Amino acid sequence: IKNLFIDTFEPYDLVEIAGNKLGETDRIGLATENEVVEFLNNKDWGEGNYMKVERQGGDGDFIDMKLATDLIVLFNGRYRTIQVKTSPSQARRFKNDVKSGRYKEVDILAYKEAGEVKFVNLNKER
């Protein structure tokens with residue numbers, strides 16, 4: 001993680017991120033993230049499986065902005081990274097970016113469709 005941080009971030013990134021102001025789309029995105037966290041924490045995964053949200057980024061979170069990671073979860077003893085999108089169209093664009101080689105750090109895409117939370121295993125999309 002340390003090397004990833006060093007390789008990915010430039011000193012001006014923190015200044016840029018600190019200057020960003022939240023807009024309406026940021027608020028909608030955060031609300032969707034919160035819904036996904038609530039879903040993950042309250043889902044019965046069965047057979048002794050459990051999920052724990054270890055980290056949720058926040059407003060202007062640099063890990064989200066640079067690595068496209070909204071959530072880090074612990075699932076059956078392994079950490080997984082999740083990017084959350086608010087719509088199927090945003091999810092399609094993100095999956096296309098993944099297929100083109102971007103966002104290698106993200107394991108799972110979560111998005112909302114017709115009021116339901118859906119998940120895509122991005123490791124199968126690559």
Side-chain angles (χ1 to χ4, degrees):
I1 289 177
K2 179 181 175 185
N3 290 338
L4 181 63
F5 187 87
I6 291 168
D7 292 344
T8 305
F9 296 99
E10 297 293 332
Y12 64 83
D13 289 335
L14 298 176
V15 174
E16 177 188 333
I17 292 166
N20 289 338
K21 292 190 168 66
L22 291 180
E24 186 60 25
T25 56
D26 297 310
R27 285 185 257 292
I28 292 168
L30 183 58
T32 304
E33 273 182 41
N34 289 337
E35 285 184 54
V36 170
V37 168
E38 184 74 21
F39 176 84
L40 293 173
N41 285 337
N42 292 309
K43 172 99 170 117
D44 178 7
W45 297 97
E47 298 181 23
N49 295 324
Y50 67 93
M51 174 96 52
K52 180 180 179 197
V53 176
E54 293 284 335
R55 182 185 188 286
Q56 179 179 7
D59 305 335
D61 181 71
F62 62 87
I63 292 175
D64 178 15
M65 295 178 81
K66 288 300 198 179
L67 303 177
T69 298
D70 290 316
L71 307 172
I72 299 174
V73 299
L74 183 61
F75 184 64
N76 289 338
R78 292 186 63 193
Y79 287 99
R80 305 279 190 227
T81 57
I82 300 177
Q83 172 57 226
V84 178
K85 295 296 180 188
T86 60
S87 69
S89 62
Q90 284 185 350
R92 276 190 299 278
R93 284 193 299 273
F94 191 82
K95 283 189 338 186
N96 287 337
D97 286 342
V98 167
K99 287 178 184 177
S100 71
R102 294 182 72 193
Y103 308 123
K104 294 175 185 156
E105 299 81 15
V106 181
D107 298 310
I108 299 166
L109 169 63
Y111 65 98
K112 285 193 57 185
E113 182 173 26
E116 260 185 70
V117 177
K118 306 231 176 183
F119 295 93
V120 176
N121 180 346
L122 295 174
N123 295 319
K124 291 183 178 180
E125 298 282 321
R126 292 185 172 93

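Source: prediction; values computed, not measured.
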Note, [X] side chain near [Y] side chain (heavy atom, < 4.5 Å):
| X | Y | answer |
| --- | --- | --- |
| Tyr111 | Val120 | yes |
| Asn41 | Val53 | yes |
| Leu122 | Glu105 | no |
| Lys112 | Thr86 | no |

Can you tell me how far apart [atom1] ([X]) and [atom2] ([Y]) are? Round to the nearest 0.5 Å.
| X | Y | atom1 | atom2 | result |
| --- | --- | --- | --- | --- |
| Lys99 | Phe94 | NZ | CZ | 13.0 Å |
| Leu74 | Arg55 | CG | CZ | 15.0 Å |
| Leu30 | Glu35 | CG | CD | 10.5 Å |

Let's go through Tyr103 and Gln83 carefully: what are the C-alpha distance in whole Å and the side-chain angles of both, what is the deciding distance for side-chain contact (heavy atoms from CB on, under 4.5 Å) to 0.1 Å, and is it a yes or a no? CA-CA 10 Å; Tyr103 308 123; Gln83 172 57 226; over 6 Å; no
N/O donor-acceptor pair under 3.5 Å between Thr69 side chain and Thr81 backbone: no
Spell out, as yes or no, whether a donor-acceptor pair under 3.5 Å connects the side chain of Asp70 to the backbone of Val84.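 Checking the backbone N and O of Val84 against the side chain of Asp70, a donor-acceptor pair under 3.5 Å is found.
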Check the surroundings of atom CD in Glu113: do more than 12 heavy atoms from other residues, nucleotides or ligands lie under 6.0 Å from it? yes
Determine whether Asp97 and Arg102 satisfy the following criterion, salt bridge (charged side-chain N to carboxylate O under 4.0 Å, His left out), listing intermediate values before the conclusion. CA-CA 5 Å; Asp97 286 342; Arg102 294 182 72 193; 3.7 Å; yes
